[in-house]
Every structure is written in C-alpha cells, then in structure tokens.
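Here's the structure we're looking at; comments come further down.
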Amino acid sequence: MALATNDFLEIGLKIGGHTKWKTHKESANVQRFKELFGVTPATCSSIWNDMIGANAEDDCHIDNDANPVHFLLAVRFLFRYEREKDLARMFGTAPKTMRPWQRLYVWKLQALLQKKARDTSHLLSLLKRY
Amino acid sequence: MGTLQDNDDGLVFMLSVDGTHCPIEEPRPFSTEWSSHKFGGKPAVNYELGILIHKPKLVWVNGPTRPGKHNDLAVFRQKLKQALSALPGTKKAIGDSGYRGEPELISTRNGLDSKEVTQFKDRTLARHENFNQRLKCFACLCQPFRHGVDNHGYAFKACCVLVMYEVETGGTSFSDAYP
C-alpha cells in the first residue's frame with residue numbers, strides 16, 4: 001500500500017533505534033533519518049509510491065503487501081555498504097534472510113530508471129538502438 | 001530522469017557530460033583494462049553521465065566501462081555521439097578537457113570563448129561535479145565494490161534514482177547553470 005512521508009519516518013527511525021522520536025521536532029527526525037539512509041523520508045515515500053503505482057508488467061512494480069523495511073534495507077545497503085552481518089544486525093534479521101530482499105530492491109530501484117526511460121522516451125531508451 | 005527531447009529549441013548547449021570512476025575489487029582474470037588512473041592504477045569502472053543544463057535532470061547513464069581500455073572520449077564515441085547526432089538542430093554538450101576531439105558535438109574550454117561563456121562553462125562543469133559528488137555519498141560507489149561488475153551497474157543506477165528523486169522532492173537543491 002502507498003505510504004506517506006511520516007510512515008517512512010517512523011519505520012526508519014525505529015529501525016535506527018530512535019525510540020523517542022515522537023518527542024523530537026520534525027527537522028531533527030528528518031536529519032536522523034538522513035544520517036541512517038542517506039535520503040529524506042519524502043524521497044523514500046515518492047519512490048515507494050511510484051513502485052506501487054507501476055504497471056504489473058514493469059520490472060519495478062511491487063505488490064501492495066510489500067514490506068517497506070525491505071526497501072529501506074536496500075537503501076541502507078547502498079548508503080553504507082556495510083558487512084552483511086552488520087546490516088542484518090541493524091534490521092534484526094539473519095544475513096541469509098536479508099540477502100535476497102536487498103538484491104531484489106536494488107534491482108527494482110534500478111529498474112525504476114529504465115521505466116522512466118520508457119515512459120518519457122528518455123535518452124536511455126536510445127541506448128537500445130545503438 | 002528526464003528526456004533528451006526535453007530541450008528548448010533556442011538552446012545550443014543542452015547537456016553536460018562527464019565520466020566518473022568507482023572502485024571495485026579486482027575482477028578475475030587479472031587485466032590492466034580495469035586499471036584506473038584516478039585510483040593509482042587500482043581497479044575501477046567508469047560511467048558516463050549526462051545532465052540537462054537548463055533542468056536538474058539526469059538524462060544519460062552509460063556504463064560500466066573499463067577505464068584502462070577506453071577513455072572518456074572513446075566512451076562518448078560508442079553511444080552518446082550517435083544519440084546526440086540523431087537529435088534535430090544543432091545541439092552540443094559541454095565537457096571537460098578529456099572530451100577534446102569532437103568539436104561538432106562537445107564544447108570544451110578554449111581561449112576563444114568570451115568571459116561570459118567561459119564562466120558559463122565553468123558553472124556547468126562545476127554543477128556536474130556536484131552531482132558526481134552526491135552519487136559518491138553512497139558508500140557502495142566510493143568503497144571497493146565486492147559484488148561483481150554487473151551488480152555494480154545495478155547499484156550505480158539505483159543510486160542515480162535515489163539522487164534524482166532526492167532532487168525532485170526538494171531534499172537537496174541542484175541549481176541550473178543558465179543564469
């Protein structure tokens with residue numbers, strides 16, 4: 001389902017261990033989120049909603065019951081590029097469980113670039129001609 | 001994530017082009033083709049990026065290519081040259097000194113430019129380097145990549161998506177080079 005900026009803020013800060021995030025002002029929370037994932041919650045929300053709203057045949061499409069934690073896992077992987085066990089510890093899971101989700105969402109993210117290319121006759125689409 | 005056709009008819013300079021190297025772990029079998037002069041001969045991959053000048057939009061990503069085998073100009077001649085030539089009208093890109101050799105399609109700094117044009121080119125190239133720096137904020141692109149060259153291409157494009165959405169949602173500003 002589509003998620004708002006505040007939903008991502010809450011999910012991300014809980015993953016980062018900020019349990020008292022509701023008592024802090026919004027700018028501080030956004031800053032903390034950015035320190036954890038490298039992008040703002042508004043960006044995450046925008047990408048997530050675009051992936052949800054994509055056509056089912058698009059590579060970047062995700063189902064309505066997809067878990068945003070898996071998406072944040074991929075973003076964290078790109079941002080910090082930690083060892084697998086460190087990333088798994090942060091998300092409270094095992095490396096073996098985490099690995100396919102991380103790969104899937106990195107692949108979905110890059111497919112979003114290709115989708116934009118096709119939708120808007122992006123220059124990338126010219127790549128196929130040469 | 002814009003379009004190459006997104007340019008205003010009056011603009012001659014529509015695109016800034018630059019290459020960026022990202023370190024990787026040594027691919028097997030060993031080859032000096034992966035050697036990057038930017039990392040002291042250590043292995044890396046090269047990507048060619050094109051950003052519209054009058055809009056903060058990434059419109060071209062080409063890579064990964066081998067930095068020890070093809071320099072920026074050779075990479076440009078592989079694909080982007082044909083794509084730019086296919087556009088109607090006279091459209092030029094702005095590149096740094098590594099792109100000297102294609103004066104019909106890429107304009108570089110030269111002594112014949114007026115002061116205003118020189119400043120414009122400087123501004124454009126500085127803006128492009130700014131974008132490259134934002135990509136390098138992602139550790140997977142500035143630490144030696146451990147997951148192979150193919151996966152590096154996916155990671156690079158995923159980071160491009162994140163940065164472009166960040167610009168679109170106003171998370172970070174990315175000024176236009178035209179005054």
Side-chain angles (χ1 to χ4, degrees), chain A residues 5 8 27 30-31 33-35 37-51 59-60 71-72 74-84 86-87 99 102-130, chain B residues 1-7 14-15 22-23 48-52 57-63 77-87 134-135 137-147 150-172:
Chain A
T5 302
F8 265 102
S27 59
V30 171
Q31 184 63 32
F33 187 93
K34 209 167 173 180
E35 284 166 7
F37 300 103
V39 291
T40 56
T43 305
C44 291
S45 169
S46 181
I47 294 174
W48 178 263
N49 294 338
D50 278 2
M51 290 201 293
D59 290 338
C60 62
F71 168 74
L72 288 176
V75 176
R76 172 78 180 186
F77 166 78
L78 294 169
F79 180 54
R80 292 298 297 268
Y81 202 50
E82 299 157 305
R83 290 179 187 178
E84 267 187 346
D86 294 336
L87 189 60
R99 201 175 300 138
Q102 165 226 310
R103 285 187 182 170
L104 176 72
Y105 276 91
V106 169
W107 192 77
K108 295 265 181 202
L109 272 173
Q110 68 88 30
L112 197 56
L113 191 67
Q114 290 174 352
K115 176 186 176 290
K116 290 266 179 184
R118 197 169 63 247
D119 285 356
T120 61
S121 65
H122 187 280
L123 193 73
L124 275 167
S125 60
L126 291 173
L127 271 172
K128 293 171 187 168
R129 289 168 42 189
Y130 298 105
Chain B
M1 291 172 302
T3 68
L4 191 57
Q5 285 73 27
D6 271 357
N7 56 79
M14 58 164 296
L15 193 71
C22 302
E48 184 184 52
L49 297 174
I51 302 173
L52 286 184
K57 280 186 178 175
L58 178 73
V59 292
W60 181 264
V61 181
N62 180 20
R77 284 171 175 155
Q78 285 172 1
K79 287 174 184 169
L80 184 55
K81 182 182 177 183
Q82 288 86 337
L84 273 180
S85 305
L87 288 176
R134 281 171 205 205
L135 286 176
C137 287
F138 289 88
C140 66
L141 302 184
C142 64
Q143 291 176 14
F145 196 73
R146 306 183 291 267
H147 295 86
D150 290 340
N151 287 330
H152 193 281
Y154 295 147
F156 188 88
K157 285 169 187 167
C159 291
C160 287
V161 169
L162 289 172
V163 172
M164 285 315 300
Y165 269 89
E166 185 82 348
V167 171
E168 282 177 12
T169 55
T172 181

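Chain identifiers are assigned alphabetically (A, B, ...) following the order of the sequence lines, protein sequences preceding nucleic acid strands; residue numbering begins at 1 within each chain.
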Original post:
Is any side-chain heavy atom of B:L87 less than 4.5 Å from a side-chain heavy atom of B:M14?
Top reply: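 Yes, side chains in contact.
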Original post:
Would you say the side chain of A:T40 lies within less than 4.5 Å of the side chain of B:Y165, judging by non-hydrogen atoms?
Top reply: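 Of all side-chain heavy-atom pairs linking A:T40 with B:Y165, none is under 4.5 Å.
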Original post:
Got a donor-acceptor contact below 3.5 angstrom from the A:D86 side chain to the A:E82 backbone?
Top reply: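 No; judged by distance alone, with no hydrogens or angles, the pair does not exist.
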Original post:
Do any N or O atoms from the side chain of A:K108 and from the backbone of A:D59 form a donor-acceptor pair under 3.5 angstrom?
Top reply: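 It does hold such a pair.
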Subject >> chain A contacts, top residue of B:C137, B:A139, B:G50 (heavy-atom pairs, under 4.5 Å) >> reply: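 Result: the option with the highest number of such pairs is B:A139.
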**OP:** Using the ring of A:Y81 (Phe, Tyr or Trp, six-membered ring only), decide whether B:R146 places NZ or CZ under 6.0 Å from its centre and within 45 degrees of its axis.
**Re:**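 Yes, cation above the ring, under 6.0 Å and within 45°.
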Original post:
chain A heavy atoms under 4.5 Å from B:F145: which part of the residue, side chain, backbone, both or neither?
Top reply: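 Both parts, backbone and side chain.
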Original post:
Between A:R76 and chain B, which part of the residue has a heavy atom less than 4.5 Å away: side chain, backbone, both or neither?
Top reply: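 A:R76 has no heavy atom closer than 4.5 Å to chain B.
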Subject >> Among A:G38, A:S46, A:A42, residue most engaged with chain B (heavy-atom pairs, under 4.5 Å) >> reply: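 Result: the option with the highest number of such pairs is A:S46.
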**OP:** Determine the option with the most heavy-atom pairs under 4.5 angstrom with chain B, choosing from A:T43, A:V106, A:V39, A:L109.
**Re:**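 Of the options given, most contacts go to A:T43.
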